[in-house]
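One structure below.
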Amino acid sequence: MADKRKIIMDVDTGSDDAIALVMAMLDQRFDLLGICSVNGNVDVNLTTDNSLRVVECCGKQDTVKVYRGADLPIVSTLMPYTPQVRWGVPRREGQRPGGQEVHPEHLPLPAPVTKEQPQSAVAFYLETLLAAEDHSVTLVPVGPLTNVALAIRSDPRIVDKIEEIVIMGGGYAVNNSTPAAEFNIFVDPEALEIVLQAGCKVTLVPLDATHQAYITGEEAKLFRAIGTKPANLVADLIEQRIIGYSRFDADMQTQAPIHDALAVCSILYPEVLKDVEFINVHVDISGGIAYGETILDRRNRTFGDPKNTYFAHGADREMFRDWMLEVLRKDAAKA
Ligand code: RIB
Ligand code: CA
């Protein structure tokens, strides 16, 4: 088998984060070096606990460790006037109809019997990356970018150790937390701007792509038919997400996007992302109505700033679905 792809998952587990973790742990082409939790969908105590639950559901607790990360964004909640404070960041999904179904505080799994590691997420990033070969590790942040930004700021030497940063976040024609911003970036806008200016190869898997790669309730039955604990968890979470989305998204009545898992899929299958453009992206960090917007410079109006991001405007839904089914079926066949 070709060399496994070394990855570090950074998650605000969350239901789609959980599905992304299942795929990252069960697809044998990954070498998952660790999981870093961050404040996001729910607070960091819960994202850490939920990540431990998923690791145990997949039976990987002996080899895959969880490192607790940041409990607050770097800047966005410091001042009382920002939307993040007025609306409460992380603006819990639970504050809107269907939010609790999309991101319950506790995933529908047994409470974990294992604990997170004593090292913080940032300490884990620094130790692991500084010891790694150049350009050898792919970071996969699928929650707010706080941990990754803090690690880069703490020791910029890690930048040369990173092969690519594949981020679920941002939006161009599609946003979900404000008219301009997607949730992961809205929680900590400055964090993404730090990452974008660091000089790594960055791929953004935004809502424009993830909303094309939805999974239907009928397809959830295909996952349940596999019959393993991980497959049943995926089916449960897809069905829960559909219930939640049906309450606040007119376009998602019998289906739901599985945002974070698409980012993981794109590492092995870049062709799953469609209409990808290499472009300069900045984040609005000015604190106004567009705070957290990912701004694409299509006419080189940022005074010649370099192109820094591969931005996907679409996705191949069937390829994404079939990858998840294949990985879970292969896992079942090993049982
Ligand atoms: O906007 C979608 C993103 O916000 C996903 O990563 C979801 O888990 C939430 O974190
Ligand atoms: Ca997430």
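Positions are given from 1, in the same order as the sequence printed here.
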Point to revise | Short N-O contact, Asp134 and Lys161, less than 4.0 angstrom | key: yes
Check your understanding: Has the side chain of Thr48 got a donor or acceptor atom that lies under 3.5 Å from a matching backbone atom of Val44?
Key -> yes
Point to revise | Trace of the salt bridge (Lys or Arg N to Asp or Glu O under 4.0 Å) decision for Glu116 with Lys65 | key: CA-CA 7 Å; Glu116 73 265 24; Lys65 303 303 179 185; over 6 Å; no
Review point. Is atom CZ of Arg224 surrounded by more than 12 heavy atoms (other residues, nucleotides or ligands) closer than 6.0 Å?
Key: yes
Exercise for review: Please state whether the rings of Tyr245 and His211 are parallel, tilted or perpendicular, taking 30° and 60° as the class boundaries.
Suggested key: perpendicular
Check your understanding: Looking at Arg317 and Glu219, does any basic side-chain N land under 4.0 Å from a carboxylate oxygen?
Key -> yes
Point to revise | Any donor-acceptor N/O pair, Gln255 side chain to Asp251 backbone, under 3.5 Å | key: yes
**Study point:** Reference residue His313; test side-chain hydrogen bond (donor to acceptor under 3.5 Å, both in side chains); the match among Lys274, Glu277, Gln212
**Key:** Glu277
Check your understanding: Between OH of Tyr214 and OG1 of Thr216, what distance do you get to the nearest 0.5 Å?
Key -> 8.0 Å
Point to revise | Spacing of Leu107 atom CG and Leu46 atom CG [to the nearest 0.5 Å] | key: 9.5 Å
Check your understanding: How far does CG of Asp188 sit from CD1 of Ile74, to the nearest 0.5 angstrom?
Key -> 4.5 Å
Exercise for review: For the pair Ser246 (side chain) and Ile243 (backbone), establish whether a donor and an acceptor sit closer than 3.5 Å, ignoring hydrogens and angles.
Suggested key: yes
Point to revise | side-chain hydrogen bond (donor to acceptor under 3.5 Å, both in side chains) partner of Thr138, chosen from Arg5, Glu164, Lys6 | key: Arg5
Point to revise | Joint cluster assignment, Ile8 & Val205, ILVMFWY side-chain distance < 4.5 Å | key: no
**Study point:** Tyr172 six-ring centre to Arg298 NZ/CZ under 6.0 Å and within 45° of normal
**Key:** yes
Check your understanding: So, does Asp43 use its side chain to make a donor-acceptor pair with the main chain of Asp71 at under 3.5 Å?
Key -> no
Review point. Got a second to check how far Met23's CE is from Ile267's CD1, nearest 0.5 Å?
Key: 12.0 Å
Review point. Would you say the side chain of Leu21 lies within less than 4.5 Å of the side chain of Thr13, judging by non-hydrogen atoms?
Key: yes
